[in-house]
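One structure is given below, encoded as structure tokens.
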Amino acid sequence: MTDVRVRFAPSPTGYLHIGGARTALFNWLWARKHGGKLVLRIEDTDRERSTEESVQIVLDSMRWLGLDWDEGPEIGGDRGPYFQTERVGIYAEYAEKLIAAGAAYRCYATKEELAEARATHKAATGQDHGFRFQSPWRDGSKKPDDPDARHVIRFKAPATGTTGWTDLVKGDIEYPNDQQQDQVLVRPDGVPLYNFGATVDDLTMGITLVARGDDHLVNTPVQIMLYRALGQEPPAFAHLPMILGPDGQKLSKRHASVGVLEYRDKGYLPDAVINYLARLGWSHGDQEIFSREELIEAFGWDHVGATGAKYDAKKFAYVQEEQLRSLSDEAICTAALPFLAEIGLGDVAADDARLLAAVPHVKLRATSLADIADGSSYFLRDEVVFDEKGRRKFMKPKFAAHLTSVAELCQGIEPFEVEPIGDAIKAWMEANELTFKHWAQAARVALSGRTATPGLFEVMAILGKDVTVARLSAGAKLAQEAGTETEAG
RNA sequence: GGCCCCAUCGUCUAGCGGUUAGGACGUCGGCCUCUCACGCCGAAAACGGGAGUUCAAUUCUCCCUGGGGUCACCA
């Protein structure tokens, strides 16, 4: 049995798309499951669109997701280089092999001739698609005046028969060869086109299984032919259905956040992204929530669905919530730090007692780390930032006396913890024939500035006696003043 | 249009000839309750259509329909 060698081969033309991340994930899972290697290869042969910045974004995205590669950029490996533009010598060598074997030829047709043939095709058929260039150089009888003149290398595609394979997710697939055209393998400047570059790389890098998006289905027969023309056996193939938007079209920016790093910036956890992506198109019985280890253990191609899967932000949020709650409170605190900094709480430490005390409650009301930061903020700020509606509704004179009473009551509670606070306040309510309705929302707003928080006793305990008393008193004053303002106005 | 792929609740899916067609998200009720959540309980919700094979089709075959992909000197 040969060792598993899989690859992820993005082209650095922007962010790492969430669909690409899923392809990377499935490859990574397969490699890790079998103790194999994941090769990261940068397909930067489109010089118009490839940028160094995008390469960094791809690498950062992979690292953030925790998808480590065994060979590739920044770490090297035996089968490098791992940037296609650095491999032109290798492509030239293999192109020569193909020509020598009679499976490829130099085509000196000019762009004008090509455009002309295309126009003729359109005139005859009324359509742009379906054009297949019949190169006059194909059979080798025509000799160029200058062999070094500008030319491309074309594949001499077989015109009859079929090419097929057993796809690990799609099953048996067969393409008729007459659909193939003599596609360009190498440009005049020696830079390969996708099918040739990918094939030569997969071959020379010893890839045993090619797992990629099913938009590459149609490329597979050519690549298989290329392998065979080179006297090699093709690898196994697994084509993942693409991720669709809610409208069934290819997922794009207009549907959702598609860049991996956008999820980092929104405060999603890498494990959550991994978990959601894995479950999108793959299943393992009734299980929805997976740790990385469980994913590696359970993953297999037999349960990868053949159907395109629609992206569902709600389900994603659910998975994120579950993953967030599976973290220890300490880990959540640490992870939330950057998001606290973003809202002006950059000097809060991960082991801040108030933060640590708040997180167990806040996390039940949070989806993202940004929510954790926001939900913890009023425990950490000196000043209460009031929600306007809450302030208008509850900072009213009729609540002032109760707020003052509770403040005074709190002054005497010892220890100032959830249970004693609860006992004291309940006793106070009973003695005065009050219910929560009479004062609780006002106290909540006074203490937090908000109308929705964890339980009041918890909020008080986390805030501590001094802050609780101070905020309740300040709230009482505010409530009283609101009344005079209204009367004056 | 040619070629290829796909088809179970709104969504992600389980199912691999005989099931009350299961789970999850979402939705809708209810419980809990100081607000908001969490949690718990319950409900509605699917095999695209037509032939065929079979004692029996969601499951196997074919056709139709629908959706998607692709037809570059992009990847």
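Computed from a predicted structure; not experimentally measured. In the text below, chain A, chain B and the rest are named by the order of the sequence lines, each starting its count at 1.
Between A:Tyr263 and A:Phe316, the ring center distance clears the sub-6.0 Å criterion.
Taking the P atoms as reference points, B:G49 lies 34 Å from B:C41, given to the whole Å. Annotation: B:C63 and B:G23 have their C1' atoms spaced 34 Å apart (nearest Å).
Judged as a side-chain hydrogen bond (donor to acceptor under 3.5 Å, both in side chains), not a single pair has a partner in residues 418-432 of chain A (not counting sequence neighbours). Pairs passing the salt bridge (charged side-chain N to carboxylate O under 4.0 Å, His left out) check and including a residue from residues 435-450 of chain A, sequence neighbours excluded, read A:Asp374-A:Arg450. Every pair passing salt bridge (charged side-chain N to carboxylate O under 4.0 Å, His left out) that includes a residue from residues 181-192 of chain A is listed here, sequence neighbours excluded: A:Arg47-A:Asp189, A:Arg138-A:Asp182.
Across the strands present, B:C9 finds no partner; the criterion is a Watson-Crick or G-U wobble pair with both atom distances under 3.5 angstrom.
Residue A:Arg325 is in sugar-phosphate contact alone, with no base atom involved, counting any heavy-atom pair closer than 4.0 Å across all strands shown. Using a 4.0 Å heavy-atom distance criterion, A:Thr45 is classed as a sugar-phosphate-only contact. Contact annotation for A:Gly285: no contact, since no heavy-atom pair falls under 4.0 Å across all strands.
Partners of A:Arg279 by salt bridge (charged side-chain N to carboxylate O under 4.0 Å, His left out), not counting sequence neighbours, listed by chain and number: A:Glu288. Every residue meeting the side chain to side chain donor-acceptor pair (under 3.5 Å) condition with A:Lys363, not counting sequence neighbours, appears here in chain and number order: A:Asp329.
When RNA chain B is scanned in the 5' to 3' direction for atoms under 4.0 Å from non-hydrogen atoms of chain A, the outermost contacting nucleotides are B:G1 to B:A75.
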